[in-house]
Peer 1: 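Provided herewith is a single structure, encoded as structure tokens, for subsequent inquiry.
Note: hydrogens, waters and symmetry copies are ignored here, and every other heavy atom, side chains too, is used. None of these values were measured; they are calculated from a predicted model. Nothing fancy with the numbering, it's 1 onward along the sequence.
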Amino acid sequence: MAINISLLKRICEVAGAPGYEKRVRDLVIQEVKDHVDELRVDNLGNVITIKRGNNNPEGKKAMVAAHMDEIGFIVTHIDDKGFVRFHTLGGFDPKTLTAQRVIIHGKEDVIGVMGSKPIHVMSQEERQKVAKTSDYFIDLGMSKEEVEAVISIGDPITRERELVEMGNCVNCKSIDNRVSVFILIEALKNLKNQPYDIYGVFTVQEEVGIRGANVSAHSINPDFGFGLDTTIAFDLPGAQPHEMVTKLGEGVAVKIMDASTICDYRMVDFMKKTADKRNIQWQPEILTAGGTDTAGVQRMGKDGAISGAISIPTRHLHQVIEMADKDDIQGAIDLLIACLQDLDQYDWSH
């Protein structure tokens, strides 16, 4: 079954820096409102949806979290020449800022470019230095007066790059984590006959500290939890086998641990067996740095949740050229639906 590239493209390309997720939130609500039993937006901006279970006398709840925000920036200063300084929202490798276009979302959207000192006028010592985010500024091609007419301190900034298809892959900015937003939307549209109440939560501010997942898990207090996020596919030239984490096109990843979560061994076993039973290709994931919403889902409810994560192998993470395989994406949709449908068919005792 071919994935809905048109929808994925819209989700990836829409702006939504941490704390400024309104545009992507509006898109999500439009897509899912007719496919769930309840929908609300909490004070922080999380979209919380519910699909009621068919056989749930104990009121069991499973929470699935996919964060809507993308790494971005915020305006901190406009100088006398109209150049804009910024602060990062989320984790960046500074060298990836070189030669990129961005969009400042002020009174209107304004395109700018990331500028820095030209190599032609750098000293030999400057050429040897590692780039810092403070070395960059945003050039809007406008005077200070023109900039200040539409841009203010505190306006959010996102990266400009469209989604394209490359071989069996999709490539865009913000595959992390819009691909998971897409996966959760598709799962909610196609999920039927699930035994327990499913809380599909589109969270905010993950890239700056898993804030939306923490708040929503505290509110929901789920019995079971699933994080949906990208993970590193380092199947690239020069990589050693033990460094690869996952490989593109070799199946959806079942998370065992990352820096913020040791997934419940029962959930890991359940996910592996469910994938095998449904003939869904999968691969294990151990990520020793970085975390996801899984951490908030697992431990911010009053009772804690039996939690794990479905991860989408992605090359070139936190760049504007993130790449994921279409078959891995479909596998993630299939595995999520299967797990939610089979939650009552596993012995969850310790």
Side-chain angles (χ1 to χ4, degrees), residues 12 67 70-71 88 90-100 127-133 159 161 163-180 183 206-207 210 226-265 267-269 271-273 275-276 279-295 298 307-332 335:
C12 286
H67 72 86
E70 60 183 312
I71 56 173
T88 54
F92 280 91
D93 178 353
K95 70 177 182 288
T96 66
L97 304 183
T98 300
Q100 298 298 338
R127 294 185 186 193
Q128 302 304 316
K129 288 183 178 179
V130 177
K132 306 185 297 293
T133 54
R159 301 161 301 156
R161 190 62 65 96
L163 184 142
V164 296
E165 297 178 67
M166 303 170 64
N168 197 50
C169 298
V170 288
N171 189 283
C172 194
K173 61 93 178 173
S174 308
I175 294 289
D176 175 14
N177 188 35
R178 300 297 174 67
V179 69
S180 296
I183 288 164
E206 187 271 353
E207 295 289 2
I210 315 179
F226 296 85
L228 294 179
D229 212 327
T230 55
T231 191
I232 291 171
F234 188 39
D235 52 340
L236 303 174
Q240 298 300 310
H242 67 277
E243 298 176 307
M244 292 186 181
V245 186
T246 64
K247 300 177 183 179
L248 218 64
E250 296 202 3
V252 61
V254 174
K255 187 185 293 290
I256 297 170
M257 65 162 286
D258 59 32
S260 64
T261 308
I262 298 174
C263 294
D264 193 294
Y265 68 92
M267 182 60 78
V268 173
D269 182 63
M271 291 170 68
K272 290 178 180 179
K273 289 178 176 175
D276 288 341
N279 294 314
I280 299 168
Q281 186 178 16
W282 64 275
Q283 55 187 310
E285 176 212 357
I286 292 181
L287 183 65
T288 56
T292 69
D293 276 346
T294 314
Q298 183 184 52
S307 297
I310 294 172
S311 300
I312 301 87
T314 306
R315 290 179 185 158
H316 321 305
L317 274 173
H318 282 209
Q319 301 184 48
V320 293
I321 51 168
E322 293 175 339
M323 184 183 295
D325 186 276
K326 296 176 190 175
D327 292 338
D328 295 341
I329 295 170
Q330 185 60 56
L335 181 58

Peer 1: Could you list the residues that satisfy side-chain hydrogen bond (donor to acceptor under 3.5 Å, both in side chains) with Q298, not counting sequence neighbours?
Peer 2: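 Applying side-chain hydrogen bond (donor to acceptor under 3.5 Å, both in side chains) to Q298 gives none.
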Peer 1: Which pairs with one or both residues in residues 316-331 pass salt bridge (Lys or Arg N to Asp or Glu O under 4.0 Å), sequence neighbours excluded?
Peer 2: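 Qualifying pairs, neighbours excluded: E165-K326.
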Peer 1: Quick check: closest heavy atoms across I310 and V252, and the distance to 0.1 Å?
Peer 2: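 Smallest interatomic distance, heavy atoms only, reads CG2-CG2, 3.4 Å.
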Peer 1: Take Q100 and R159, measure what side chain to side chain contact (heavy atoms under 4.5 Å, CB included) needs, and give me the verdict at the end.
Peer 2: CA-CA 8 Å; Q100 298 298 338; R159 301 161 301 156; over 6 Å; no
Peer 1: Looking only at non-hydrogen atoms, find the nearest pair between T231 and A253 and report the distance.
Peer 2: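 Closest approach of T231 to A253: CG2-CB, 4.4 Å.
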Peer 1: Using side-chain heavy atoms (C-beta onward) and a distance below 4.5 Å, is P284 in contact with I256?
Peer 2: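 Of all side-chain heavy-atom pairs linking I256 with P284, at least one is under 4.5 Å.
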Peer 1: Any chance CD1 of I262 has more than 12 other-residue heavy atoms, nucleotides or ligands included, within less than 6.0 Å?
Peer 2: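 Atom CD1 in I262 is not packed in, count stays at 12 or less.
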Peer 1: Search all heavy atoms of A275 against all heavy atoms of W282 and return the closest pair with its distance.
Peer 2: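 Closest heavy-atom pair between A275 and W282: CB-CD1, 3.5 Å.
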Peer 1: Once salt bridge (Lys or Arg N to Asp or Glu O under 4.0 Å) is applied, do any residues pair with D276, and if so which ones, sequence neighbours excluded?
Peer 2: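 D276 satisfies salt bridge (Lys or Arg N to Asp or Glu O under 4.0 Å) with no residue once adjacent residues are dropped.
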Peer 1: Are the side chain of D93 and the backbone N or O of T96 linked by a donor-acceptor pair below 3.5 Å?
Peer 2: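 No; zero donor-acceptor contacts below 3.5 Å.
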Peer 1: Can you give me the closest heavy-atom contact between I175 and A324, atom names plus distance?
Peer 2: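 Looks like CG2-CB, 4.1 Å.
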Peer 1: Heavy-atom distance under 4.5 Å between the side chains of L236 and H316, does that happen here?
Peer 2: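 Contact flag for L236/H316 side chains = yes.
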Peer 1: Less than 4.5 Å apart, any side-chain heavy atom of P313 and any of Q283?
Peer 2: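 Yes, their side chains come closer than 4.5 Å.
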Peer 1: Restricting to non-hydrogen atoms, name the atom on V245 and the atom on I232 that form the minimum distance, rounded to 0.1 Å.
Peer 2: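 That would be CB-O, 3.4 Å.
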Peer 1: Are C169 and L248 packed together at the side-chain level, in the sense that at least one heavy-atom pair is separated by less than 4.5 angstrom?
Peer 2: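 Side-chain contact under 4.5 Å: yes.
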Peer 1: Is any side-chain heavy atom of T133 closer than 4.5 Å to a side-chain heavy atom of L97?
Peer 2: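 Result yes, sub-4.5 Å side-chain heavy-atom pair found.
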Peer 1: With sequence neighbours excluded, what pairs up with T294 under the side-chain hydrogen bond (donor to acceptor under 3.5 Å, both in side chains) test?
Peer 2: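 Testing T294 for side-chain hydrogen bond (donor to acceptor under 3.5 Å, both in side chains), a comparison that skips the adjacent residues, returns T292.
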Peer 1: With rounding to the nearest 0.5 angstrom, report the CE to OG distance, M267 to S307.
Peer 2: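 M267 atom CE to S307 atom OG measures 6.5 Å (nearest 0.5 Å).
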Peer 1: Taking salt bridge (Lys or Arg N to Asp or Glu O under 4.0 Å) as the definition, give me every residue that meets it alongside K272, ordered by chain and number, with sequence neighbours left out.
Peer 2: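 None.
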Peer 1: So how far is it from S311 OG to L228 CG, rounded to the nearest 0.5 Å?
Peer 2: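 One finds 8.5 Å between OG of S311 and CG of L228.
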Peer 1: Using the rule given for side chain to side chain contact (heavy atoms under 4.5 Å, CB included), can you reason through E70 versus R178, listing the C-alpha separation, both sets of side-chain angles and the distance that settles it, and then say yes or no?
Peer 2: CA-CA 8 Å; E70 60 183 312; R178 300 297 174 67; 3.2 Å; yes
Peer 1: Counting C-beta onward and ignoring hydrogens, is there a side-chain heavy-atom pair between V179 and T230 closer than 4.5 Å?
Peer 2: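 Of all side-chain heavy-atom pairs linking T230 with V179, at least one is under 4.5 Å.
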Peer 1: Just to verify, what does E285 make a salt bridge (Lys or Arg N to Asp or Glu O under 4.0 Å) with, not counting sequence neighbours?
Peer 2: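 Once residues adjacent in sequence are excluded, the partners of E285 under the salt bridge (Lys or Arg N to Asp or Glu O under 4.0 Å) criterion are K255.
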Peer 1: How would you list all residue pairs meeting salt bridge (Lys or Arg N to Asp or Glu O under 4.0 Å) that involve residues 229-253, not counting sequence neighbours?
Peer 2: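 Residue pairs passing salt bridge (Lys or Arg N to Asp or Glu O under 4.0 Å), neighbours aside: D235-R315.
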Peer 1: Regarding S180 and N177, do their side chains bring together a donor and an acceptor under 3.5 Å, going by distance alone?
Peer 2: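 Yes, a side-chain donor-acceptor pair sits under 3.5 Å.
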Peer 1: Testing the basics here: between S174 and C12, what is the closest heavy-atom pair and its distance to 0.1 Å?
Peer 2: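 Here S174 and C12 meet closest at CB-O, 3.9 Å.
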Peer 1: Sequence neighbours left out, what passes side-chain hydrogen bond (donor to acceptor under 3.5 Å, both in side chains) with T88? Give chain and number order.
Peer 2: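 Once residues adjacent in sequence are excluded, T88 has no partner under the side-chain hydrogen bond (donor to acceptor under 3.5 Å, both in side chains) criterion.
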Peer 1: Which value, rounded to the nearest 0.5 Å, describes the distance between R127 atom CZ and K129 atom NZ?
Peer 2: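 So the gap between those two atoms works out to 14.0 Å.
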Peer 1: Of all residues at least two apart in sequence or in a different chain, which pass the side-chain contact (heavy atoms from CB on, under 4.5 Å) check with T98?
Peer 2: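 Residues passing side-chain contact (heavy atoms from CB on, under 4.5 Å) with T98: Y136.
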Peer 1: Nearest 0.5 Å please: distance from the CD1 atom of I321 over to the CG atom of N171.
Peer 2: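 Rounded to the nearest 0.5 Å, the CD1-CG separation comes to 6.5 Å.
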Peer 1: Using the test side-chain contact (heavy atoms from CB on, under 4.5 Å), find all partners of K132 that sit at least two apart in sequence or belong to another chain.
Peer 2: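 side-chain contact (heavy atoms from CB on, under 4.5 Å) list for K132, sorted by chain: S134, D135.
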Peer 1: Answer yes if the side chains of H318 and D176 hold a donor-acceptor pair under 3.5 Å, and no otherwise.
Peer 2: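 D176 and H318 do have a side-chain donor-acceptor pair below 3.5 Å.
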